[in-house]
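One structure below.
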Amino acid sequence: METEKIIVNQGEQRELRYDPRQIEEKWHARWQADPTLYAAEPHSSKRKKYYVLEMLPYPSGALHMGHVRNYSIGDALARYMWMQGYNVLHPMGWDAFGLPAENAAIKNKVPPKQWTLSNIAHMKSQMQRLGFAYDWSREVATCLPEYYRWNQWFFLKLYEKGLAYRKKSKVNWCPECATVLANEQVVSGCCWRHEETKVEQRELEQWFVRTTQYAEELLADIEKLEGWPEKVRTMQRNWIGRSEGALVDFALDGIDGPAGSKITVFTTRIDTIFGATSIQLAPEHPLVTDFIANDPHLHAKVEELVEEQRRAKESGDIGSIEKHGVFTGHYAVNPFNQEKVPIWVANYILMDYGTGAIMSVPAHDERDYEFAQKYGIEIRVVILPRRTEEPPAAGQKEEPVLPYTDKESLLINSGEFNGLSNQEAIEKMTAFAEQHGFGKKTVTFRLKDWGISRQRYWGTPIPMVHCAQCGVVPVPEDQLPVVLPENVDITLQGSSPLARMPEFVNVSCPKCGGPARRETDTMDTFVDSSWYFYRYTNPQLTDRPLDTPTVNYWFPIDQYIGGVEHAILHLIYSRFWTKFMRDIGIVKNDEPVVRLFTQGMVIKDGAKMSKNKGNVVSPDDMVARFGADSTRAYALFAAPPDRDLDWQEAGVEGVHRFLSRVYRFVMRNADVAGKSSGNALAADAGSVRAIQRKLHQTIRRVTDDFQGRWHFNTCIAAIMELVNALYGVEDEIAAGRFPTEVLADAQRSLVLLLAPFAPYLAAELWEVLGEKSNLLRQPWPQYDPALAKEDEIEYAIQLNGKLRSRIAVPAETPESTVQERALADEKVKASMDGKQVVKVIVIPGKLVNIVVK
RNA sequence: GCGAAAGUGGCGGAAUUGGCAGACGCACCAGACUUAGGAUCUGGCGGGUAAAACCGUGGGGGUUCGAGUCCCCCCUUUCGCACCA
């Protein structure tokens, strides 16, 4: 094509240069003008439903490439499912409460609400410019009272059911700011604003949600989540951390200890209790407070241990610090054998797991072993690996400690329990402890109740009132929402801004009418995101959070897509919330999400894109230079979506070049009627057949990937191959020798295949092909297996596994014939060099391996 | 320390079940068209060789007619968990 311009219909002149800006702005304007374009049909729809959801973003100011990737994956899927005829729900919203808005307010003197809403407006326009097919009529912003009033409503329900409660708990406190810090604001033990100032721990009354109530079910139902990545399921299992064991009481040895006291330990290995040669307490164990009261020396030592443990936790290397401890001078009595064992305080015992106290069995626990070695505590073997082995001589401990939990294990030195296996012993000894009232079977979880109080402004006010007469009183439902005041002074003044507003704080008690004080804590933003996807089904409801029949139609979510960083907290809280909603009868599903997809990170120059590293690529910049289609298609082409993606600008150019080729081809050949006078002139039936075959193979590959592994990179590569093949026959097309209907069909299918990946270009070319319909309502192309089939198959001929020749035979050639042809091949004969054929292996459709000797 | 994933040309990545390693794209090289081209089109492109042979999927062993793919040992990277009793 020498000329840059070409005459098409009615002599209209069109540039052959692909200009994404012009095309995308044209369609953007049209799509903006039709808000119903991507709207889901009501739940009375006859179509099968499909709910595809991407994790809602925090409105930080601008989209980053991670967002673009996430939404490009979801949008491709949504568009594909639309074309498959589903009633697709594809909504978007904003996780709009949170700390950055307050920081921005302090820094720039902009009210958090204003800052947040203007960010939302900007990011929404970015999303729209990128062409994501969202149903904006369902948009949700969690910072608006229409939304957060339902957080408050849920909170009241939780409170009603005893699942929300108050408890003293530690918070991070910066003495310089005189304020509470979120965990993320603590940088290696110091305040993020005052790098020299150590963060202190303060005890405050805070609100908790009893997630542990559902611990068993949250764990058990992980088994049902077959559409979730195994990695996420494992992470959740570990996070919940269920552990079966026993609580055993050790009485304090009389005279020295506080009267009647006992120490309850948690153990999973009650079978080793005869080997317990000390008790170890966490430094913060309440009993330790009693012990140190009259012992300044011990007091000082314990303080050290507490400090050491705190530091290790902060720096993250708890687990590798050297074990230390101090003997308290007190003893406890092992209830199984009445033996006196010393009580120690040790830095490797955690107060927030189990009971904060353990029985130490150095012979069968590595940590206890290490400790006992260091302090010369007796190491007593009470279990052996096999029934045949002799007990080792007393005190000898050459081998590293082994837990011996197999069936062949054998208890020794354990009184009446000698001779039992580990499993039998656990059962019998637990029962024994229960009978004698000094122990019981128990299950502990690593999962903790969820502390939702934040001493912050920009969040959902907790709808509670503190009355001097009535105590804690919930705000009545009909008085919701408790609106977050806006004329607020966000400066650092040592208390939550809300607590400094008398007009907010001073209320009358809903119960007695007397003067009362409003709760000034706000909710953790994970509350907002725990149920937002239900609200999408009916966001405009004003009298209840959701409409149950509508939710029952849409739920569970068919496909949820987001970053793996939410694998634990967000996804556990969401699962908890769903179970709670089910139990108060407003939804019927047990789990919110059927299939979960976690996409990889966007990397540049070997590191995750971040402002700190200065390797951020701006989506706006990419859209301006290459267009939304190229940017999106590249995000899908550069790597499979579950892997990390290395952003290379040259790659974007490559995709842009590919889309240009598509554009030029269709522009040149859209007007097929003038290109060919029909089949009669087709000179080369082979090339026609080849195009058909390639087309149907491509449809098959792309369709299979949407149904299966989502390797959109190979989908796009397949479409590239198709386009390359079409370029290969362009001379024949130009010469009028290519059948009209084959060409027309190929072009239509090509545009349809491209629609999920490059929606703007697809829409434009669909119109160029003379189509008026909405592409999303256009059926996805079907492949014809007969047309996709190869007519001729090339066999690789190997000699002892090494490639020696190739032969082409018609498809369906019997194996015996293939074998004959292979043995008759000249190159094969030459390489055989007179050797004997031992065996011939024919793999149908692939290769022949001739084994010679 | 424990667990998971990964390691393939100069680069991003293909190779769905053991069957022709390197699809597709980038970069690069050559040619065509051009006053020109950072446009477009055509061809080439793992190493090696004149051409073959031969060597090549982190390293070492093994199973097999045949291994990137399966098994064993080791190395590296990334992620998650980390004194959980």
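A, B, ... follow the sequence lines: proteins, then strands. Residue 1 opens every chain.
- With A:Tyr348 as the aromatic partner, A:Lys323 meets the cation-pi criteria of under 6.0 angstrom to the ring centre and within 45 degrees of the ring axis.
- Separation of the C1' atoms belonging to B:A67 and B:G61 is 14 Å when rounded to the nearest angstrom.
- Checked by atom type, the side-chain pair A:Arg446/A:Asn238 shows no donor-acceptor distance below 3.5 Å.
- Rounded to whole Å, atom P of B:G25 lies 13 Å from atom CG of A:Leu659.
- Residue A:Asn800 places no side-chain N or O under 4.0 Å from the OP1 or OP2 atom of B:G66.
- Across all strands shown, A:Asp352 has no heavy atoms under 4.0 Å from either base or sugar-phosphate atoms.
- Nearest-nucleotide positions on RNA chain B for A:Gly728 and A:Ile841 put A:Gly728 closer to the 5' end.
- Among the atoms of the strands shown, base atoms are found under 4.0 Å from some heavy atom of A:Ile349.
- For A:Arg804, a side-chain nitrogen or oxygen approaches OP1 or OP2 of B:C54 to under 4.0 Å.
- Within the nucleic acid shown, A:Asn238 has no heavy atom closer than 4.0 Å to any nucleic acid atom.
- Among the protein residues, A:Leu803 comes within range of no part of the nucleic acid, since none of its heavy atoms lies under 4.0 Å from any strand.
- Using a 4.0 Å heavy-atom distance criterion, A:Arg242 is classed as making no nucleic acid contact.
- To the nearest angstrom, P of B:C24 lies 22 Å from NE2 of A:His656.
- If you check every strand for non-hydrogen atoms under 4.0 Å, A:Glu230 touches nothing.
- Put simply, CG on A:Leu281 is 13 Å from C1' on B:A85, counting in whole angstrom units.
- A perpendicular orientation is assigned to the rings of A:Phe336 and A:Phe438, their planes being inclined by more than 60° (bins at 30° and 60°).
- When the C1' atom of B:C83 is taken as reference, atom NZ of A:Lys374 falls 14 Å away, rounded to whole Å.
- A donor-acceptor pair shorter than 3.5 Å can be found between the side chains of A:Glu730 and A:Asn669.
- Residues A:Met359 and A:Asn334 are not in side-chain contact: their nearest non-hydrogen atoms beyond the backbone lie 4.5 Å or more apart.
- Under 4.0 angstrom from either OP1 or OP2 of B:A6 there lies no side-chain N or O belonging to A:Lys231.
- Ring geometry for A:Tyr663 versus A:Tyr18: interplanar angle of 30 to 60°, hence tilted.
- A gap of 45 Å separates the C1' atoms of B:C41 and B:G59, to the nearest Å.
- Between the P atoms of B:C26 and B:C33, the separation comes to 24 Å (whole Å).
- At the phosphate of B:G3, neither OP1 nor OP2 sits under 4.0 Å from any side-chain N or O atom of A:Arg237.
- For the P atom pair drawn from B:G62 and B:A15, the interatomic distance equals 30 Å after rounding to whole Å.
- Here the P atom of nucleotide B:G38 and the CD atom of A:Glu649 are 17 Å apart, to the nearest Å.
- For the ring pair (Phe, Tyr, Trp, His ring centres under 6.0 Å) test with A:Phe757, the passing option among A:Tyr634, A:Tyr80, A:Phe706 is A:Phe706; the others fail.
- Regarding contacts with the backbone of B:A27, a side-chain N or O of A:Arg657 is found under 4.0 angstrom from either OP1 or OP2.
- Rounded to whole Å, the C1' atom of B:C73 lies 24 Å from the corresponding atom of B:G66.
- A:Arg661 has its side chain within reach of A:Asn724: a pair of non-hydrogen atoms, C-beta onward, lies under 4.5 Å apart.
- Remark: the separation of the P atoms in B:C72 and B:G25 is 39 Å, to the nearest Å.
- Across all strands, A:Arg233 comes closer than 4.0 Å to no nucleic acid atom at all (heavy-atom distances).
- Within the nucleic acid shown, A:Tyr727 comes within 4.0 Å of sugar-phosphate atoms alone, with no base atom in reach, counting heavy atoms only.
- Rounded to whole Å, the distance from CZ on A:Arg446 to C1' on B:C83 is 13 Å.
- As rounded to whole Å, 14 Å separates atom C1' of B:G80 from atom CG of A:Asp644.
- Contact annotation: A:Arg17 does not reach the phosphate of B:U40 (side-chain N/O to OP1 or OP2, under 4.0 Å).
- Under 4.0 angstrom from either OP1 or OP2 of B:A85 there lies at least one side-chain N or O belonging to A:Ser243.
- Residue A:Gln280 is out of contact with every strand shown, counting any heavy-atom pair closer than 4.0 Å.
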Query raised in the report: Would you write out the dot-bracket form of RNA chain B, 5' to 3', with Watson-Crick and G-U pairs under 3.5 Å, [ ] for crossing pairs, | for pairs to other strands and . for unpaired bases?
Result: (((((((..(((......[....))).(((((.......))))).((......))..(((((..]....))))))))))))....
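- Among the protein residues, A:Gly241 comes within range of no part of the nucleic acid, since none of its heavy atoms lies under 4.0 Å from any strand.
- The phosphate of B:A15 has OP1 or OP2 within less than 4.0 Å of a side-chain N or O from A:Arg709.
- In this pair, A:His570 and A:His566 present their aromatic rings perpendicular. The plane angle is above 60°, beyond the 30 to 60° band.
- Using a 4.5 Å heavy-atom threshold, the side chains of A:Val248 and A:Pro335 count as touching.
- Spacing between atom CH2 of A:Trp344 and atom C1' of B:A85 amounts to 18 Å, rounded to whole angstrom units.
- When the P atom is used for both B:A5 and B:G56, the distance is 28 Å, rounded to whole Å.
- For the C1' atom pair drawn from B:U57 and B:G47, the interatomic distance equals 14 Å after rounding to whole Å.
- Between A:Asn347 and the options A:Glu308, A:Glu322, A:Gln309, a side-chain hydrogen bond (donor to acceptor under 3.5 Å, both in side chains) holds for only A:Glu308.
- Residue A:Asp368 is classed as having no contact, given no heavy-atom separation below 4.0 Å to the nucleic acid.
- With its glycosidic angle more than 90° from 0, B:G31 is assigned anti.
- Take the nearest nucleotide of RNA chain B for A:Arg664 and for A:Gly354: the residue whose nucleotide is more 5' is A:Arg664.
- The side chain of A:Tyr348 sits closest to B:C83 out of B:C83, B:C65, B:A15.
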